[in-house]
Amino acid sequence: MAVHNSSMQVNRDLLDPSFESYRLSLDAIPSYNVELDTAVGEVKLKDAHYTLAHMRAFGMYNYLHLDPWYEDSVLFVDCKGRVLSLTVTLDTALGKPREVFCTTPESSECEDRVCSSLSFTSATWVALSDGAGRLYLLRSGKRGEGSNSKWEPMFSEDLGEPFTVLHSVSHVQAGLHTMEVLLLRIPVDLEDPKGSGFMVSLEWLTVSNTAAQGQEKKYEVRKRRVLRGKTVPHYAAVAPQGRGLVVASDKPFVLTHVDGCAVEPIEAAPPERTDPIYFWQQTGEDLTVCVRTPEGLTKEEVQFQLTPDNISIGVRGFPPLLQGQMFASVDPEASAWIIKEDRSLEVTLQKGSEGPMWPELVMGDGRGEYVVSEEQAALIHERLTHLTSETLNGNPEVDKPPCNNQELEDCDVVPEDSSSLTHFDAESLKPTQVVNLGSNQYLFTVDVNPSEMPCLCLRHDVDALLWQPRPDRPDHMWEHIATFNALGYVQASKREKKFATCAPDFSYASLCECLRRALIYRQPAPVDTVLFNRKQGRQIGQVAKQQVASLDSDKPILGFRATNERLFVLTAANLFVLKVNNN
């Protein structure tokens, strides 16, 4: 099966090139506090769990779980192994979380125990790990408001080393109720003594009802597949109906075992690092593209075609060197090209609309290199520091920009150009599509539609773009469904950031720090009062608000989730409910 290097096509209709900044709003956010009778079941890392993989998988775990099928229902596991549920209908009468299930006492005695984890398999089923190596598949019945029934364990098995549940889905296959469960482990790696001493393991279980018709239901593991890699994935989820697997990670994963039997792993070839075919620069008004060409190039051999939206540059007798749809429109009449030193072609493109900076030249083409001069870098940094403001009507002309007291260049760092987003075939677990994420830094995962795969949010230039995987559409597998303006840059400046998320209706995004503070970034909305941009000499019709909520707690934040109306923040002793929207 061939691997296709695909790209993620940005929907330009969802971008806002005229976005100016977030203005600090002093509007109060109503906050409500539920004091917990018993502490959250936090499991701190052991001395033996010293690697970055352990920290990412278990040390930064989100202990609060949002039920995507029942809005404003959150759950967590306490230190007694009880699964506690709280559904909010009236903020001023929250009540106490109620117990829906309890794991066995033996799980707390496991020496290498990790945090308990939950995954909502369907509207009536839940997958649960006790953190000690036991997997439960629980029939919950209808959850949410008014549901008082306890969850019934239909499958319980000790699977060996401790793990967390990353994702699960439920479906009917060949007339049998089947559940796909994805587990994460960090086992000892005896074959790599020079490394960290550990590897990362993804185990995909298929569990089905094997009872004959009319008999009591009996669920058993039908298939086990293990993939291994070197880093904890940023994102990993099973496609609906179990039709594939999607993983975003810094290092590749390969299939190593099927049903306990080792398979010969086919090492994924790393993307070849070739010299760029072209270099490009830009200002607010134009772009300059320098394309490598064969030495001794003459004017007659150049093949150049330009329309407002598409470009094609080539040399007679060779495939086009650069071809495709540009990020935005240009003015062909004001554009030109010249041959430089008989070995390169320099093209000047006049932007169709002045001002917006392009994150890429040709959509999905990663063969070029963007060059930023020192003057351009200083100008971009000056512009970006105004993306957040400490005043509602912040003045971008002030000498000291109000974004942040720290130097943002130091924290505005993206990972190496090695991370990738991969779709694996359901049967062979071989990669079918790979996207090189490059500098598109992973930000967070969120459930928007429970019948679809979870969405992942990536940084694109300064913005944060939300992507919905669509494995049933091989030609358009990654759909850009929402944009959070400037959030990519803003979140990079938050040195104390622990969790990030957004509302399922995209009305706001939110970050929380390790202690006390939650920051809310709302989408631009019309303003009642008249605001004026002195620099551009025009009236502002919309403002994007930034709000800050401080919690009445000095304990570390352990969980953080968002619904369309509320933010839920979990500490060891309290569950805070912040009323963000009134719907």
Side-chain angles (χ1 to χ4, degrees), residues 36-51 53-65 75-85 97 99-121 125-140 150-168 179-190 196-207 219-221 224-228 232-233 236 257 260 558-559 570 572:
L36 307 180
D37 296 332
T38 54
V40 175
E42 180 184 7
V43 179
K44 296 186 178 179
L45 294 180
K46 316 290 190 303
D47 290 342
H49 299 161
Y50 55 83
T51 69
H54 287 97
M55 174 57 70
R56 284 181 173 174
F58 311 129
M60 298 292 287
Y61 188 75
N62 195 333
Y63 284 81
L64 190 61
H65 306 276
L75 299 95
F76 61 92
V77 181
D78 70 5
C79 59
K80 295 181 180 179
R82 300 182 302 168
V83 181
L84 300 175
S85 170
E99 179 184 338
V100 293
F101 185 73
C102 187
T103 60
T104 60
E106 291 78 18
S107 63
S108 60
E109 300 171 3
C110 175
E111 246 182 68
D112 295 325
R113 184 169 178 265
V114 299
C115 42
S116 299
S117 52
L118 275 175
S119 173
F120 299 96
T121 311
W125 285 82
V126 179
L128 168 68
S129 162
D130 67 355
R134 181 168 289 275
L135 174 66
Y136 296 91
L137 295 179
L138 307 164
R139 186 166 58 188
S140 65
K150 291 289 187 75
W151 295 355
E152 181 183 3
M154 303 301 294
F155 172 89
S156 174
E157 188 171 317
D158 189 342
L159 300 178
E161 291 186 56
F163 58 85
T164 57
V165 180
L166 293 182
H167 187 237
S168 60
M179 286 170 281
E180 315 286 350
V181 188
L182 189 62
L183 315 178
L184 171 69
R185 286 191 175 97
I186 305 181
V188 173
D189 187 0
L190 300 175
S196 67
F198 294 91
M199 68 179 76
V200 178
S201 170
L202 291 177
E203 186 169 353
W204 179 2
L205 302 181
T206 299
V207 183
Y219 287 85
E220 293 182 354
V221 176
R224 299 174 190 245
R225 290 142 289 187
V226 176
L227 297 92
R228 285 184 175 164
V232 172
H257 293 79
L558 300 179
L570 182 70

**OP:** State which residues pass side-chain hydrogen bond (donor to acceptor under 3.5 Å, both in side chains) with E99; sequence neighbours excluded, sorted by chain then number.
**Re:** none
Original post:
Quick one: side-chain hydrogen bond (donor to acceptor under 3.5 Å, both in side chains) partners of E203, sequence neighbours excluded?
Top reply: R185
Original post:
Roughly how far, to the nearest 0.5 Å, is the CD atom of E220 from the OG1 atom of T206?
Top reply: 13.5 Å
Original post:
How long is the span from the CG atom in L64 to the CG atom in N62, to the nearest 0.5 Å?
Top reply: 6.0 Å
**OP:** Say whether, by atom type as modelled, one donor and one acceptor occur between the side chain of K150 and the main chain of C102 under 3.5 angstrom.
**Re:** no
**OP:** Check ring pair (Phe, Tyr, Trp, His ring centres under 6.0 Å) between F58 and all other residues, then give those that pass, not counting sequence neighbours.
**Re:** none
Original post:
Roughly how far, to the nearest 0.5 Å, is OG of S116 from OH of Y61?
Top reply: 8.5 Å
Subject >> side-chain contact (heavy atoms from CB on, under 4.5 Å) partners of S129, counting only residues at least two apart >> reply: S117, F163, V165
**OP:** Would you mind listing every salt bridge (charged side-chain N to carboxylate O under 4.0 Å, His left out) that reaches into residues 154-168, with sequence neighbours excluded?
**Re:** E157-R224
**OP:** Could you pull out the closest heavy-atom pair between L205 and R225, with the gap in Å?
**Re:** C-NH2, 4.2 Å
Original post:
So, for A57 and L184, which heavy atoms are closest and what is the spacing to 0.1 Å?
Top reply: CB-CD2, 3.7 Å
Original post:
Can you name the residues that form a side-chain hydrogen bond (donor to acceptor under 3.5 Å, both in side chains) with S119, not counting sequence neighbours?
Top reply: S168
Subject >> All side-chain contact (heavy atoms from CB on, under 4.5 Å) counterparts of M154, not counting sequence neighbours >> reply: W125, R139, E152, K217, Y219
Subject >> Partner residues of T51 under the side-chain hydrogen bond (donor to acceptor under 3.5 Å, both in side chains) criterion, sequence neighbours left out >> reply: H54
Original post:
Are I186 and V114 close enough, and set up right, to give a side chain to side chain contact (heavy atoms under 4.5 Å, CB included), and what steps lead you there?
Top reply: CA-CA 11 Å; I186 305 181; V114 299; over 6 Å; no
Original post:
Say you draw a straight line from CG of L570 to CD of E42; how long is it, rounded to the nearest 0.5 Å?
Top reply: 9.5 Å
Original post:
With S85, which residues qualify under side-chain contact (heavy atoms from CB on, under 4.5 Å), at least two apart?
Top reply: L75, T87, V100
Subject >> Shortest non-hydrogen contact between H65 and L118, atoms and distance >> reply: CE1-N, 3.6 Å
Subject >> Sole candidate of V77, T103, L138, V126 that passes side-chain contact (heavy atoms from CB on, under 4.5 Å) when paired with V83 >> reply: V77
Original post:
To the nearest 0.5 Å, what is the distance between OG (S140) and CG (L128)?
Top reply: 12.0 Å
Subject >> Considering all heavy atoms, the nearest V188-M199 contact >> reply: O-CE, 4.0 Å
Subject >> Under the side-chain contact (heavy atoms from CB on, under 4.5 Å) test, residues paired with K80 that sit two or more places apart >> reply: T38, D78, R82
Subject >> Close side-chain approach of F101 and Y136, heavy atoms under 4.5 Å >> reply: yes
**OP:** Could you tell me which non-hydrogen atom of L36 sits nearest to which non-hydrogen atom of F76, and how far apart they are?
**Re:** CD2-CZ, 3.7 Å
